[in-house]
Amino acid sequence: MTLKDLEIGKTAVVTVVGGEGALRQHFLDMGVIPGVSVTVVKLAPMGDPMELRIHGYELTLRLADAEKILIDESSVTKADGKREKNTKNISKENAVTEHPGLGEGGRFHQKADEHPVPKGTVLTFALAGNQNCGKTTLFNQLTGSNQHVGNFPGVTVDSKNGQIRNHPDTLVTDLPGIYSMSPYSSEEIVTREFIIKQKPTGIINIVDATNIERNLYLTMQLLELDVPMVLALNMMDEMRGNGGSVRINKLESMLGIPVVPISAAKNEGITELINHAIHVAQYQEKPSRQDFCDENSHNGAVHRCLHAIMHLIEDHAVRQVFRCVLRQVSLLKVISLLSRH
Ligand SMILES: Nc1nc2c(ncn2[C@@H]2O[C@H](COP(=O)(O)OP(=O)(O)OP(=O)(O)O)[C@@H](O)[C@H]2O)c(=O)[nH]1
Ligand SMILES: [Mg+2]
């Protein structure tokens, strides 16, 4: 049975994620993975696409794509109709948490590694996060603009620049939502190209606090870029409204970057976020962790496997880069020869 055949209001467990190449990767990036429960919320008026609920958020899929996802027929149940919230693992005992102030980020990184940018340099920030996590709402708060905000994914399709209020030497760029650094749609390519090619001085990674697990997939990939980064944990008003809380300190020490709880819609925590973002960019405080491999997990088996594979492919990756450079050099030579004759 495929996801396309699941009736409205029914829930089932995904068994096999089909499709090939970029499409399959896109399914996985969006959280459609074997073992996950998925509920059909509704169909569009013409019957296609279908709106699904997965990991507590809404996802829209074309029927032709849903057909590529197999579900366990015996797992089909009627949904209770309530929106699932990811609050089950959130402890209330840490509702009020202290977290490092400015300059205390040294807890997570070596001061000796800092390379402050020269005074007067324009600090450029990319607003990066999943679709519909509140990037544009935050952009409007930061810059005083009035860009279009909407409660559905894919509202922003191009980048927009603005200066952070009262900080003339800054430029912040609102970007289309992205699930991972392997882009699928053209809007996602805009975001990836901006982050990789424009090399912003800092990244403000917006994470939906009501959907931390799914959002952190992109966070992990952004951390690997080794660019100064702050995590803006948005929608805290909704999280609190659900009776939940987040252990900010723990999250910070696990990720090795400042985490600032905010509500972009209610203008809460924005000044603190700006101060942290400017601080990490100014002092080029890079994330302190990139390797999240736990040496003790499963007696170190996962750690050994991952590092063994990394070791095996490292020379191939270097060779690939070397080949690309050689190809470009030869191309330049041909062009210069042609232009001489
Ligand atoms: N409750 C609550 N809602 C918020 C908050 N921030 C944004 N929203 C709402 O979330 C929805 C999405 O906001 P956008 O700012 O358009 O999100 P986006 O990340 O720019 O979305 P895309 O451009 O589509 O990727 C809107 O309905 C906002 O009003 C917040 O802090 N709390
Ligand atoms: Mg937007």
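Here the structure is a predicted model, which means the values were calculated and not measured. Values reported hereafter were calculated over all heavy atoms of this structure, with side chains retained and with hydrogens, waters and symmetry mates removed. In each ligand, atom 1 is the first atom listed, and ligand 1 is the first ligand listed.
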Does ligand 1 come near enough to [X] that some N or O of the ligand is less than 3.5 Å from an N or O of the residue?
X	value
Ile262	no
Met236	no
Gly134	yes
Lys266	no
Cys133	yes
Asp174	no

### Summary
Check: of Glu268, Gln141, Met235, min heavy-atom distance to atom 8 (N) of ligand 1 comes from Met235
### Donor-acceptor contact below 3.5 Å, side chain Asp72 vs main chain Ser74
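Present.
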### Query
Is Lys135 salt-bridged to Asp174, going by a charged N under 4.0 Å from an acidic O?
no
### Task
Identify whether the distance between the nearest side-chain nitrogen and carboxylate oxygen of Lys42 and Glu58 falls below 4.0 Å.
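No, this pair does not count.
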### Task
Using a 4.0 Å heavy-atom cut-off, say whether Asp237 meets ligand 1 through its side chain, its backbone, both or neither.
side chain
#### Entry: Part of Asn234 within contact of ligand 1 (heavy atoms, under 4.0 Å)
side chain
